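In what follows, a structure is listed as C-alpha cells, so that the remarks can point back to it.
Just so it is clear, the model here is predicted, and its values are computed rather than measured. When reading the values below, keep in mind they use all heavy atoms of this one structure, side chains included, and skip hydrogens, waters and symmetry mates. Below, read A as the first sequence line, B as the second, and so on, with proteins coming before strands; counting in each chain starts at 1.
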Amino acid sequence: MNWLMKSEPDAFSIDDLKACKKGIEPWDGIRNYQARNFMRDSMSVGDRVFFYHSNCKVPGIVGVMEVASEAYPDPTQFDPKSKYFDESSKPEEPRWLLVDVKYVRHTHRVISLTEIKEHADQLGDFPLIRKGNRLSIMPVTDQQWDYLLGLE
DNA sequence: GCCAACGTTGGC
DNA sequence: GCCAACGTTGGC
C-alpha cells in the first residue's frame, strides 16, 4: 500500500530523517488508535510513504520515504522522561506501536496543501483534505499517489 | 495566537 | 451509556 505520514518539521523534518544513520528512524509518538491500527494491520516493509509537513508555514508533501520495519512497540511510551510517556501502558501489553521509516528522496518542490485542495475533484476521497481531519497516518490509493507525484 | 474539529476522559 | 469538560491537532 501507499501512505501519507504527518510530522511537524519543528519536531522532526524530512531533513532530519535524511540526516539519520542510513536515513532510517523509528516514527515514534503516534498516539491515535486509527493510525496505530494502520501500522499494525496494513503496513508492510517497502510500502511507499509521503512525508508531510504539518503545522508549519507551508504545510504539504515534501518527500518520499518507505516503511523499513514491521510495527513494534514504541519505546517512548515506557519512558517517564518522554513527552510520549503513557503510564497506563504496560510492557507486557504495549498500547502504542511504531514502524521504522527510511528516507528515499525529497520531492522536487513542496506540494502544498493549498495546491492539493485545488485538485480535490481529481483526488476523490482523501482524508487529508476532509474537513477537520486530524489523522496523522493515512492510506493513499495508487491513483492518488500517481496523481500527486505528477504535480511535482 | 486563534479557534474549529475531533478524540478522550470521567462523573453520573 | 451519555455527555460535558478538557486536551490536542493543525490550518490559517
In whole angstrom, give the distance that lies between atom [atom1] of [X] and atom [atom2] of [N].
| X | N | atom1 | atom2 | answer |
| --- | --- | --- | --- | --- |
| A:Leu128 | C:dG11 | CG | P | 8 Å |
| A:Asn37 | B:dG7 | CG | P | 13 Å |
| A:His53 | C:dT9 | NE2 | C1' | 17 Å |
| A:Lys83 | C:dT9 | NZ | C1' | 12 Å |
| A:Ile61 | C:dG11 | CD1 | P | 12 Å |
| A:Asp86 | B:dT9 | CG | C1' | 13 Å |
| A:Arg134 | B:dT8 | CZ | C1' | 10 Å |
| A:Arg95 | B:dG7 | CZ | P | 17 Å |

Pair A:Arg31 + A:Asp86, salt bridge at N-O below 4.0 Å:
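No, A:Arg31 and A:Asp86 are not salt-bridged.
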Taking only Lys NZ, Arg NE, NH1 and NH2, and the carboxylate oxygens of Asp or Glu, determine whether A:Arg36 and A:Asp74 approach each other closer than 4.0 Å.
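Answer for the salt bridge query: no.
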Are A:Lys6 and C:dT9 close enough that a side-chain N or O sits under 4.0 Å from OP1 or OP2?
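For C:dT9, OP1/OP2 do not have a side-chain N/O of A:Lys6 under 4.0 Å.
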A:Lys131 side-chain N/O to B:dA4 phosphate OP1/OP2 under 4.0 Å:
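So the side chain of A:Lys131 is outside the cut-off, no N or O lying under 4.0 Å from OP1 or OP2 of B:dA4.
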Centroid-centroid under 6.0 Å between A:Trp3 and A:Phe51 rings
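No, ring centres 6.0 Å or more apart.
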Contact nearer the 5' end of DNA chain B, comparing A:Asn55 with A:Asn32
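In this pair, the answer is A:Asn55.
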For the base of C:dT8, is there a side-chain donor-acceptor partner from A:Arg31 under 3.5 Å away?
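Answer no: no donor N or O sits under 3.5 Å from an acceptor.
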When we call it a touch if two heavy atoms are under 4.0 Å apart, what does A:Lys57 touch: a base, just sugar-phosphate, or nothing?
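The answer is nothing, as A:Lys57 stays clear of every strand by at least 4.0 Å.
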Is there a side chain to side chain contact (heavy atoms under 4.5 Å, CB included) between A:Leu98 and A:Tyr84? Walk through the geometry before answering.
CA-CA 12 Å; A:Leu98 56 71; A:Tyr84 300 123; over 6 Å; no
Which of these nucleotides, B:dT8, B:dC6, C:dG11, is closest to any side-chain atom of A:Tyr33?
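Per side-chain heavy atoms of A:Tyr33, the pick is B:dT8.
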Between the side chains of A:Asp100 and A:Tyr72, is a donor N or O closer than 3.5 angstrom to an acceptor N or O?
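A:Tyr72 and A:Asp100 do have a side-chain donor-acceptor pair below 3.5 Å.
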